[in-house]
S.K.: 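One structure, pasted below without further comment.
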Amino acid sequence: MATLYEIIGGDAGVTALVARFYDLMDSDRRYAALRATHSESLDYARERLYQFLSGWLGGPPLYEQAHGHPRLRARHMPFAVTVKTRNQWIACFAQALHDSGLDKKYAEALLLNLFALGDWMRNQNEANHPPPQPPAAVPLEMRLAELKVLLAEYGIAGFF
């Protein structure tokens, strides 16, 4: 069975997805709050996300080889990750996935897993939102309704 890394196009596919994600973040005003959490140059973030996704999707574990265990939640603690920035992150990824032309069934599976992962990065107490849950805390299908609402808010069509 092929990995998502292979399905997405291997190294070239991951590189293209990451490039599109950061190009959108840098140019689309809908992602302004997310963009503001990054430094002026996105080169460092692009490289780290590329390395992480390579291994996370089933390809070479580049991030681990270069930096050790990702410890994603701990690495994101210095940054205020709110529901708003999580939503912008996932909407930007959804748009990048849509633009990639990846088969819908794989794009949806990837997007739902990214949503669960992104939600776990939230680290701000927000009165109207429950605390984040680890990605495997609940079945992914239980997160689908919230993801659909989020995508609709950002005008991202073509999923689910």
S.K.: Are Leu97 and Leu140 connected into the same hydrophobic cluster when the rule is that any two of I, L, V, M, F, W, Y join if their side-chain heavy atoms are below 4.5 Å apart?
M.R.: yes

S.K.: What closest approach, in Å, do Ile156 and Ala94 show between heavy atoms, and which atom pair accounts for it?
M.R.: CG2-CB, 3.7 Å

S.K.: Minimum heavy-atom separation for Ile8 to Val14, with atom names?
M.R.: CG2-CG2, 3.9 Å

S.K.: Do the non-hydrogen side-chain atoms of Trp56 and Pro61 ever get within less than 4.5 Å of each other?
M.R.: no

S.K.: Heavy atoms only: give me the nearest Lys104-Gly158 pair and the separation to one decimal.
M.R.: CE-O, 3.4 Å

S.K.: Just wondering, do Phe52 and Leu62 contact through their side chains at under 4.5 Å, heavy atoms?
M.R.: no

S.K.: Does Val138 sit in a hydrophobic cluster with other residues, and if so which ones, taking ILVMFWY side chains as linked at heavy-atom separations under 4.5 Å, directly or through other members?
M.R.: Met142

S.K.: Looking only at heavy atoms, what is the nearest atom pair of Ser41 and Ser39, with distance?
M.R.: O-OG, 2.8 Å

S.K.: Any side-chain heavy atom of Gln124 within less than 4.5 Å of one from His129?
M.R.: no

S.K.: Do Met121 and Met77 share a hydrophobic cluster, counting only Ile, Leu, Val, Met, Phe, Trp and Tyr and linking them when any side-chain heavy atoms are less than 4.5 Å apart?
M.R.: no

S.K.: As an exercise, state the distance from OH of Tyr22 to CG of Asp43, rounded to the nearest 0.5 Å.
M.R.: 11.0 Å

S.K.: Counting C-beta onward and ignoring hydrogens, is there a side-chain heavy-atom pair between Glu64 and Pro70 closer than 4.5 Å?
M.R.: yes

S.K.: Do the side chain of Arg35 and the main chain of Glu40 share a donor and acceptor less than 3.5 angstrom apart?
M.R.: yes

S.K.: Quick check for you: to the nearest 0.5 Å, what is the distance between Arg73 atom CZ and Trp120 atom CH2?
M.R.: 4.5 Å

S.K.: How about NE2 on His98, more than 12 heavy atoms from neighbouring residues, nucleotides or ligands closer than 6.0 Å, or not?
M.R.: no

S.K.: His67: which residues meet the side chain to side chain contact (heavy atoms under 4.5 Å, CB included) condition with it, sequence neighbours left out?
M.R.: Arg48, Gln51, Tyr63, Arg75

S.K.: Could I get the full list of side-chain hydrogen bond (donor to acceptor under 3.5 Å, both in side chains) partners for Tyr50, not counting sequence neighbours?
M.R.: Asp11

S.K.: Within this structure, what is the CD-CG distance for the pair Glu108 and Leu110, rounded to the nearest 0.5 Å?
M.R.: 11.0 Å

S.K.: Between CG of Asn113 and CG of Leu4, what distance do you get to the nearest 0.5 Å?
M.R.: 8.0 Å

S.K.: Under 3.5 Å, sequence neighbours excluded: what are the donor-acceptor pairs made by side chains of residues 81-93?
M.R.:
unit_1: Thr82; atom_1: OG1; unit_2: Lys84; atom_2: N; d: 3.3
unit_1: Thr82; atom_1: OG1; unit_2: Thr85; atom_2: N; d: 3.1
unit_1: Thr82; atom_1: OG1; unit_2: Thr85; atom_2: OG1; d: 3.3
unit_1: Thr85; atom_1: OG1; unit_2: Thr82; atom_2: N; d: 2.9
unit_1: Thr85; atom_1: OG1; unit_2: Thr82; atom_2: O; d: 3.1
unit_1: Arg86; atom_1: NH1; unit_2: Asp119; atom_2: OD1; d: 2.5
unit_1: Arg86; atom_1: NH1; unit_2: Glu146; atom_2: OE2; d: 3.4
unit_1: Arg86; atom_1: NH2; unit_2: Glu146; atom_2: OE2; d: 3.0
unit_1: Gln88; atom_1: OE1; unit_2: Ala33; atom_2: N; d: 3.1
unit_1: Gln88; atom_1: OE1; unit_2: Leu34; atom_2: N; d: 2.8
unit_1: Gln88; atom_1: NE2; unit_2: Arg30; atom_2: O; d: 3.3

S.K.: Do Arg143 and Gln133 touch side chain to side chain, with heavy atoms closer than 4.5 Å?
M.R.: yes

S.K.: Ala2: which residues meet the side chain to side chain contact (heavy atoms under 4.5 Å, CB included) condition with it, sequence neighbours left out?
M.R.: Glu6, Ile7

S.K.: Provide the closest heavy-atom pair for Ser54 versus Pro60 in the form atom of the first, atom of the second, distance.
M.R.: OG-O, 2.8 Å

S.K.: Nearest 0.5 Å, what's the CG-CG distance between Leu17 and Leu102?
M.R.: 8.5 Å

S.K.: Thinking salt bridges, do Arg46 and Asp23 make one under a 4.0 Å N-O criterion?
M.R.: yes

S.K.: Check the surroundings of atom OH in Tyr154: do more than 12 heavy atoms from other residues, nucleotides or ligands lie under 6.0 Å from it?
M.R.: yes

S.K.: Could you go through Leu111 and Phe160, starting from their C-alpha distance and side-chain angles, then the distance that decides it, and tell me whether this counts as side chain to side chain contact (heavy atoms under 4.5 Å, CB included)?
M.R.: CA-CA 10 Å; Leu111 192 57; Phe160 309 103; 4.1 Å; yes

S.K.: By side-chain hydrogen bond (donor to acceptor under 3.5 Å, both in side chains), which residues pair with Tyr31, not counting sequence neighbours?
M.R.: Gln95

